[in-house]
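Notes for the one structure printed next.
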Amino acid sequence: MKKISLILILLCTVSCAELQTIADQTMKQSKPISNLEISNGLKQALEKGVEREVNQLTQKNGFYENDAVKVLLPEELTQVEEGLRKIGLGSLADEGIKLMNRAAEDAVKKATPIFIDAIKNMSINDARNILLGNDSAATDFLKQSTANQLYQEFYPVVNQSFKDVGADQLWTSAIDKYNRIPFKENVNPDLSEYVTQQALDGVFKMIAKEEVQIRNQLSSRSTDLLRRVFKLQD
């Protein structure tokens, strides 16, 4: 009888110890996450996401071979493209489109430090609102905080890139050839402004895609802090 009692006591001791361990772990896991942790976690997620997406866009063909952001001709130049193809100059139009995308890829190289600076200056209240906001809350914040500065940085790069790769001369030649086609209305769009805006739209589109993944795919939460922070919205 004493042996049985001793065994029961030992079993209870072990079981109670295990239960206490589980309870302690549960308490740790359920410990409320602080506003500072929320802010740091969100900043970490945004910095990683921005760097990854911007880096992809700056690679050769980062725009040109990405259908989601590929820079196509503005509406007023679609008639130029059609006209060139009709007279056997389709390759000229194709090269012109490729060079526009090269300019966008060059411009976006300016984006990362601007985004990182905006993220670092994000307030704790901003971070909490973003975390508990909709699937585009972070992208909207970055757009509001950086769009004007990005445009100012992108435009001269696009302008210079057009000159470096010969896009300005190519499009001047293409438009001149189109304008010589009889009974056509002449066109002369500002391609630098257009490509700059397309580059901006493209970079925010890819950041929005990254934000949705982080919010909705567990595999995108690569650190313990990210998993704890984004668990709040699940």
Any heavy-atom pair between the side chains of Leu46 and Phe115 that's under 4.5 Å?
no
Note, Phe162 side chain near Val195 side chain (heavy atom, < 4.5 Å)
yes
Are the side chain of Asn55 and the backbone of Glu51 linked by a donor-acceptor contact shorter than 3.5 Å?
no
Measure from the side-chain N and O atoms of Lys205 to the backbone N and O of Ala68, and report whether any donor-acceptor pair falls under 3.5 Å.
yes
Check the pair Val203, Leu57 against side chain to side chain contact (heavy atoms under 4.5 Å, CB included), reporting the backbone distance first and the verdict last.
CA-CA 7 Å; Val203 75; Leu57 289 174; 3.9 Å; yes
Is it true that Leu99 and Val157 fall in one hydrophobic cluster, defined by side-chain heavy atoms closer than 4.5 Å?
no
For the CG atom of Asp140 and the CD1 atom of Ile207, what is their distance to the nearest 0.5 Å?
11.5 Å
Tyr151 and Glu193: CA distance, side-chain angles, deciding distance, side chain to side chain contact (heavy atoms under 4.5 Å, CB included) verdict:
CA-CA 9 Å; Tyr151 185 92; Glu193 194 282 332; 3.2 Å; yes
Does any part of the side chain of Val108, heavy atoms only, come nearer than 4.5 Å to the side chain of Phe154, both counted from C-beta?
yes
Ion pair check, Glu210 and Lys48, cut-off under 4.0 Å:
no
Keeping Asn134 on the side-chain end and Ala137 on the backbone end, is there a donor-acceptor pair under 3.5 Å?
yes
If I take atom NZ from residue Lys43 and atom CG from residue Asp126, how far apart are they, to the nearest 0.5 angstrom?
9.0 Å
Is there a side chain to side chain contact (heavy atoms under 4.5 Å, CB included) between Asp94 and Arg85? Walk through the geometry before answering.
CA-CA 10 Å; Asp94 292 336; Arg85 296 190 188 283; 2.6 Å; yes
On the ring face of Phe63, is Lys70 found with NZ or CZ under 6.0 Å from the centre and within 45° of the axis?
no
Just wondering, do Pro74 and Leu191 contact through their side chains at under 4.5 Å, heavy atoms?
yes
OG of Ser39 to CD1 of Ile119, rounded to nearest 0.5 Å, is 11.0 Å
Ignoring hydrogens and angles, tell me if any N or O in the side chain of Lys110 forms a donor-acceptor pair with the backbone of Glu153 under 3.5 Å.
no
In terms of hydrophobic clustering (I, L, V, M, F, W, Y; side-chain heavy atoms under 4.5 Å; direct or indirect links), are Ile114 and Phe141 co-clustered?
yes
Any side-chain heavy atom of Met206 within less than 4.5 Å of one from Val69?
yes
Between the main-chain N or O of Asp117 and the side-chain N or O of Asn121, is there a donor-acceptor pair closer than 3.5 Å?
yes
Cluster check Leu73, Leu200: I/L/V/M/F/W/Y, side chain < 4.5 angstrom:
yes
The reported gap from CD in Gln197 to CG in Asp201 (rounded to nearest 0.5 angstrom) is 5.0 Å
Provide the closest heavy-atom pair for Ala208 versus Thr139 in the form atom of the first, atom of the second, distance.
CA-OG1, 3.2 Å
So Gln152 and Asn148, side-chain hydrogen bond (donor to acceptor under 3.5 Å, both in side chains) or not? Walk me through it.
CA-CA 6 Å; Gln152 295 302 318; Asn148 289 338; over 6 Å; no
Salt bridge (Lys or Arg N to Asp or Glu O under 4.0 Å) contacts in which one or both residues fall within residues 99-109, not counting sequence neighbours
Arg102-Glu105, Asp106-Lys109
Glu65 and Lys60: side chain to side chain contact (heavy atoms under 4.5 Å, CB included), yes or no, with the steps?
CA-CA 9 Å; Glu65 292 185 351; Lys60 185 176 181 179; over 6 Å; no
Using every non-hydrogen atom in the two residues, find where Ala111 and Leu150 come nearest and quote the distance to one decimal.
CA-CD2, 3.7 Å
Measure the OG-CE distance between Ser192 and Met100 for me, rounded to the nearest 0.5 Å.
10.5 Å
List in chain and number order the residues that pass side-chain hydrogen bond (donor to acceptor under 3.5 Å, both in side chains) with Asn66, two or more places apart in sequence or in another chain; answer none if no residue qualifies.
none
Report yes or no: does Lys98 contribute a side-chain atom to a donor-acceptor pair with the main-chain N or O of Tyr64 at less than 3.5 Å?
no
Is the shortest side-chain heavy-atom distance between Asn40 and Gln44 below 4.5 Å?
no
Could you tell me whether the side chain of Ile130 reaches within less than 4.5 Å of the side chain of Leu42, counting heavy atoms only?
yes
